[in-house]
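Structure, as structure tokens:
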Amino acid sequence: MQLREAMLQALEALTRNRMRSLLTMLGIAWGLVTVVLLLAYGEGVGKSVLQAFLGIGNNVVMIWGGQTSMHAGGQRAGRRVRFKYEDVQAVRDEVPIVKAVSAETDDVLGYKYGNKVISISTKAIQLPYGSMRRLEVEDGRYFEEGDFVEHRRVMILGQQAARQIFSGLPPVGQQVTLRGQSFTVIGVLRLKIQDSSNNGPDNWNAFLPFETYREVTNARDPDMIVFQPVAPDQHKRALEAVRAVIARRHQFDPRDDKATPDWDTVENAQEMQQFNLALDALLGLIGAFTLGVGGIGVMNIMLVSVTERVREIGLRKALGARRRDLLAQFLVESFTLTFAAGMGGLLLAVILAYAIPPMPLYSEQFKTANHEGDIFLRASPMIMLISTMILSAVGVASGIIPAWKAAQLDPVDALRAE
């Protein structure tokens, strides 16, 4: 049987019972809308959560001084490890798979502006820190090499920190007093969504050149070393290499990870992506079960159709129709019914996805504009492809049993049926 002929016969069979076919198609369409919207929701949640986590930086690894747990080089276990300023340069010089490295010290400092003093979480950093940690300046400029070499009294503020100090006044160019010395605000960061941090979201922080901070506070050495591997898949090797350099300089075993605890955001991001895949799979499975209910309706109507057309099937077999012809005919009818409903369901799902407003997630917490950080339902090409594959599976599953039943009918018994 030609495919075109089979499809025409399928359409004719479906139009004989328009109401029954329409109700069955509604079940399929509703099931497909559920699949698309659930997958779109899972994708929207995954994107927003991952974006918020990646606000911490681009493939960043952080280590800080801990306490040794192994004997090494004649040194006892339980010894405190405190980084030195020179450790950062040693990592920079000796670890080629590290693309960027910066010292970091976190502190809470009092900033005086006018008659008020505001305590602000402050990070003392070096030049590469901004690109690693995604510090994007919205107003003014980022630090330049001269700020560090010349120990300039300059600072950059997160948006919330700037509001605390200046109460809405333009911050760039303003002078604030820190430890009796005047500092110039050279930049304000763009507001960013950040659901992970080593000392509070960057929106609330102030940033100083590390070399200037050393002079003002007499804190000579960093609390933390922040670095970025040359490629994300090199993060474990880079961490091992950095730890080996620090271990040699501070005389502890490089296998002793408790001596220098770490936060590997590359590994965390990979785990989060796996969680998002699991969430998508769960929501897709729930949607598939919903669509399967509609598939049962298709199977039911096809079984009824086989029962109603027993004499027709017997006549066709008596005239030479093969089993595979009947199998193909009823499978095509099932596919036609399923896909006609499915295409309508896809169209409705796309319309609903754009009509449903963004669902609040981070916009209220971070006071973002245009619902940035919220959950948007969008039927992406991948979602449409996955939905079509699920629809195809339902179409085959719901049509195979009725088609097989029709193909197995004995022509003599079929012609005798009333």
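- Looking at E215 and R153, a side-chain N of the basic residue comes within less than 4.0 Å of a carboxylate O on the acidic one, giving a salt bridge.
- Shortest non-hydrogen contact noted between A161 and I120 is CB-CG2, 4.1 Å.
- Within a 6.0 Å radius of CG in D93, more than 12 heavy atoms belonging to other residues, nucleotides or ligands are found.
- At a threshold of 4.5 Å between non-hydrogen side-chain atoms, the residues I97 and F227 do not count as touching.
- The two residues V98 and V101 come nearest to each other via the heavy atoms CG1-CB, 4.2 Å.
- Judged purely by atom type and a 3.5 angstrom limit, T212 has no side-chain atom pairing as donor or acceptor with the backbone of L208.
- Between D106 and M224 there is a side-chain heavy-atom pair separated by less than 4.5 Å.
- Between the D264 side chain and the V266 main chain, a donor and an acceptor come within less than 3.5 Å of each other.
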*asked:* For Y111 and L109: C-alpha separation, side-chain torsions, deciding distance, then whether side chain to side chain contact (heavy atoms under 4.5 Å, CB included) applies.
replied: CA-CA 6 Å; Y111 294 85; L109 301 177; 4.0 Å; yes
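- Sorted by first and then second residue, the side chain to side chain donor-acceptor pair (under 3.5 Å) pairs involving residues 271-284 (not counting sequence neighbours) form an empty list.
- A salt bridge does not link R190 to E138: none of the charged nitrogens lies less than 4.0 Å from a carboxylate oxygen.
- Looking at E104, its side chain never comes within 3.5 Å of a backbone N or O of I125 through a donor-acceptor pair.
- Salt bridge annotation for R249-D87: present, with a cationic side-chain nitrogen under 4.0 angstrom from a carboxylate oxygen.
- Cation-pi geometry between R79 and F252 is not met: the NZ or CZ atom fails to fall both under 6.0 Å from the ring centre and inside 45° of the normal.
- Residue-environment remark: CD1 (I401) stays at or below the threshold of 12 foreign heavy atoms within 6.0 Å.
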*asked:* Please evaluate residues D262 and R243 with respect to the criterion salt bridge (Lys or Arg N to Asp or Glu O under 4.0 Å), reporting the C-alpha separation (whole Å), side-chain torsions for both, the decisive distance (0.1 Å), and the verdict.
replied: CA-CA 10 Å; D262 65 271; R243 186 170 279 145; 3.0 Å; yes
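- Inspection of the T368 and K192 side chains reveals no N or O donor paired with an N or O acceptor under 3.5 Å.
- Between Y85 and F210, the ring planes are parallel. Angles under 30° get that label, and only those over 60° would be called perpendicular.
- When atom types are taken as modelled, the side chain of T105 and the backbone of D223 share a donor-acceptor pair closer than 3.5 angstrom.
- Between N59 and T265, the closest side-chain pair of non-hydrogen atoms is not below 4.5 Å.
- The side-chain heavy atoms of Y41 and L37, taken from C-beta on, include no pair separated by under 4.5 Å.
- Judged by distance alone, the side chain of R133 and the main-chain N or O of G57 form no donor-acceptor pair under 3.5 Å.
- Using a 4.0 Å cut-off between a side-chain N of Lys or Arg and a carboxylate O of Asp or Glu, K236 and E267 qualify as a salt bridge.
- Contact detail for A269 and L54: the closest heavy-atom pair is CB-CD2, 4.0 Å.
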*Report the C-alpha distance between L169 and Y113 in whole Å, list the side-chain angles of each, state the deciding distance to 0.1 Å, and finish with yes or no for side chain to side chain contact (heavy atoms under 4.5 Å, CB included).*
CA-CA 12 Å; L169 294 174; Y113 179 72; 3.8 Å; yes
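- In terms of heavy-atom proximity, A341 sits nearest to M25 at CB-O, 3.2 Å.
- By the 4.5 Å heavy-atom criterion applied to side chains, V188 and V137 are not counted as neighbours.
- Between I286 and L38, the closest side-chain pair of non-hydrogen atoms falls below 4.5 Å.
- Within a 6.0 Å sphere centred on CE of M389, heavy atoms belonging to other residues, nucleotides or ligands number 12 at most.
- In this structure, A259 and V81 approach most closely via the heavy-atom pair O-CB, 3.7 Å.
- A distance-only check finds no donor-acceptor pair linking the side chain of R134 to the backbone of I56 [under 3.5 Å].
- Closest heavy-atom contact between L178 and V216: O-CG1, 4.3 Å.
- Between the side chain of Q126 and the main chain of A103, a donor-acceptor pair closer than 3.5 Å is present.
- The backbone N or O of D202 lies less than 3.5 Å from a partner atom in the side chain of Q194, making a donor-acceptor pair.
- A salt bridge links R255 with D253: the closest approach of a Lys/Arg side-chain nitrogen to an acidic carboxylate oxygen falls below 4.0 angstrom.
- The shortest distance between side-chain heavy atoms of I165 and V176 falls below 4.5 Å.
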*May I have the step-by-step check of side chain to side chain contact (heavy atoms under 4.5 Å, CB included) for M155 and T184, ending in yes or no?*
CA-CA 6 Å; M155 61 187 299; T184 302; over 6 Å; no
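- By the 6.0 Å contact criterion, CZ on R92 is enclosed, its count of non-hydrogen atoms from other residues, nucleotides or ligands being greater than 12.
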*Stepwise side chain to side chain donor-acceptor pair (under 3.5 Å) check, D107 with T122*: CA-CA 5 Å; D107 201 352; T122 304; over 6 Å; no
*Which is it for D256 and S69 under the side chain to side chain donor-acceptor pair (under 3.5 Å) test, yes or no, and what are the steps along the way?*
CA-CA 7 Å; D256 189 357; S69 61; 2.6 Å; yes
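- Using a distance-only test at 3.5 Å, with no hydrogens or angles considered, a donor-acceptor pair links the side chain of Y142 to the main chain of G130.
- Distance alone, capped at 3.5 Å, places no donor-acceptor pair between the Y129 side chain and the F207 backbone.
- The closest side-chain donor-acceptor pair between N268 and W263 falls under 3.5 angstrom.
- Looking at E150 and R152, a side-chain N of the basic residue comes within less than 4.0 Å of a carboxylate O on the acidic one, giving a salt bridge.
- Between the side chains of D374 and Y362, no donor-acceptor pair is found at a separation under 3.5 Å.
- The side-chain heavy atoms of P261 and W64, taken from C-beta on, include a pair separated by under 4.5 Å.
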